[in-house]
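Structure, as structure tokens:
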Amino acid sequence: LRVLRVQHFFECSAPTFWSGVHPKSKFSNHCERARQEQITKEMAFAQGAMDFIEKEMQKLQVLQQNGIITSSSYEEKARYLQEHGAVAEAGVGMSIAERHPFKVIDMRPGGPALKTGVIKCGDELQKVDGVILTASLTGEQVRALVIGGVGSVVELQFKEMPPRTKRGA
């Protein structure tokens, strides 16, 4: 019976032995390639994260410049984004059209909007926290008005669409 000590090194599938393996062996070359591939993957991931943060910061700046979010809201969201690499936000569990009129097109099962029992697909979102939604707004801007911190409250005003007939017309 022969016992070998094996060192785990990144995601190397070939064992690197503490003794008995020449540094230029195929196992050593394989592990070096695996290590380089892992480093390349980690660098690509980090670059992707930096690109995400930069794009989200640009979105926040545009929203603030257009008066969609306040300066304090911008600063809070930007600080969280830079510290955590994520956007601190929570929605209400509904999707709306990208263009005016901003109709509800989908509701997330178990989401807050569906749980109200009042909001239905097809209803038109008209105001968010008192801000009238006009044709000049984009879906992204309306989304920025609706989302907020986890546990926060947003006031939504809808124009209820008439119920459909049995034929669906």
Side-chain angles (χ1 to χ4, degrees), residues 7-14 16 28-116 118-159:
Q7 176 186 15
H8 292 97
F9 191 71
F10 289 91
E11 293 180 350
C12 182
S13 59
T16 302
S28 177
N29 290 339
H30 175 77
C31 287
E32 182 60 26
R33 276 194 310 277
R35 186 176 74 74
Q36 288 299 326
E37 288 173 7
Q38 183 68 25
I39 290 170
T40 302
K41 286 179 187 175
E42 289 173 1
M43 288 174 61
F45 177 80
Q47 183 61 49
M50 289 174 19
D51 291 346
F52 169 79
I53 291 171
E54 184 178 326
K55 287 178 185 174
E56 290 300 315
M57 289 295 292
Q58 289 171 353
K59 287 181 190 176
L60 288 173
Q61 288 170 352
V62 168
L63 292 171
Q64 183 201 12
Q65 289 167 355
N66 292 334
I68 304 299
I69 61 175
T70 64
S71 295
S72 62
S73 178
Y74 166 80
E75 290 169 7
E76 179 184 319
K77 290 172 188 271
R79 183 174 39 257
Y80 189 91
L81 178 62
Q82 290 172 338
E83 289 175 5
H84 302 284
V87 181
E89 58 187 36
V92 295
M94 68 178 187
S95 297
I96 58 168
E98 287 296 314
R99 293 192 182 108
H100 191 270
F102 299 104
K103 292 187 178 186
V104 177
I105 55 176
D106 190 31
M107 309 244 323
R108 179 173 301 194
L114 187 63
K115 285 182 179 179
T116 66
V118 176
I119 305 167
K120 306 285 185 223
C121 284
D123 288 353
E124 184 182 326
L125 182 59
Q126 295 194 319
K127 287 184 182 179
V128 178
D129 284 336
V131 175
I132 298 171
L133 306 182
T134 64
S136 65
L137 296 174
T138 65
E140 185 69 25
Q141 291 171 324
V142 174
R143 180 181 178 276
L145 290 171
V146 173
I147 61 173
V150 175
S152 63
V153 176
V154 62
E155 183 179 297
L156 306 173
Q157 182 177 331
F158 292 89
K159 177 180 178 185

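Keep in mind that the numbers below use all heavy atoms, side chains included, and drop hydrogens, waters and symmetry copies.
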Least distance between heavy atoms, L114 atom then P109 atom:
CD2-CA, 3.9 Å

Where do M94 and A113 come nearest, in terms of heavy atoms and distance?
CB-CB, 4.2 Å

Give the intermediate values and the outcome of side chain to side chain contact (heavy atoms under 4.5 Å, CB included) for residues V146 and L125.
CA-CA 10 Å; V146 173; L125 182 59; 4.1 Å; yes

Spatial distance of atom OG1 (T40) from atom CZ (R35) [nearest 0.5 Å]
10.0 Å

Gap between atom CG of L60 and atom CD1 of I53 - 0.5 Å precision:
11.5 Å

Qualifying residues under side chain to side chain donor-acceptor pair (under 3.5 Å), relative to E75, sequence neighbours excluded:
none

Results of side-chain contact (heavy atoms from CB on, under 4.5 Å) for Q58 - residues two or more places apart only:
E54

Got a second to check how far I96's CD1 is from F158's CZ, nearest 0.5 Å?
8.5 Å

What one should report as the nearest heavy-atom pair of I119 and T116 is N-OG1, 3.6 Å

Would you please name every residue forming a side-chain contact (heavy atoms from CB on, under 4.5 Å) with Q64, sequence neighbours left out?
I69, S71, Y74

Residue pairs involving residues 120-134 (criterion side-chain hydrogen bond (donor to acceptor under 3.5 Å, both in side chains); sequence neighbours excluded):
T134-S136

Derivation and outcome, side chain to side chain contact (heavy atoms under 4.5 Å, CB included), residues Q141 and L145:
CA-CA 7 Å; Q141 291 171 324; L145 290 171; 6.0 Å; no

Could you give the side-chain donor-acceptor pairs of residues 98-106 under 3.5 Å, partners two or more places apart or in another chain?
| residue | atom | partner | partner atom | Å |
| --- | --- | --- | --- | --- |
| H100 | NE2 | L133 | O | 3.4 |

Pairs where residues 59-74 contributes a residue and the test salt bridge (charged side-chain N to carboxylate O under 4.0 Å, His left out) is met, not counting sequence neighbours:
E56-K59

Please give me the minimum heavy-atom distance between P112 and G93, naming the atom from each residue.
CD-N, 4.3 Å

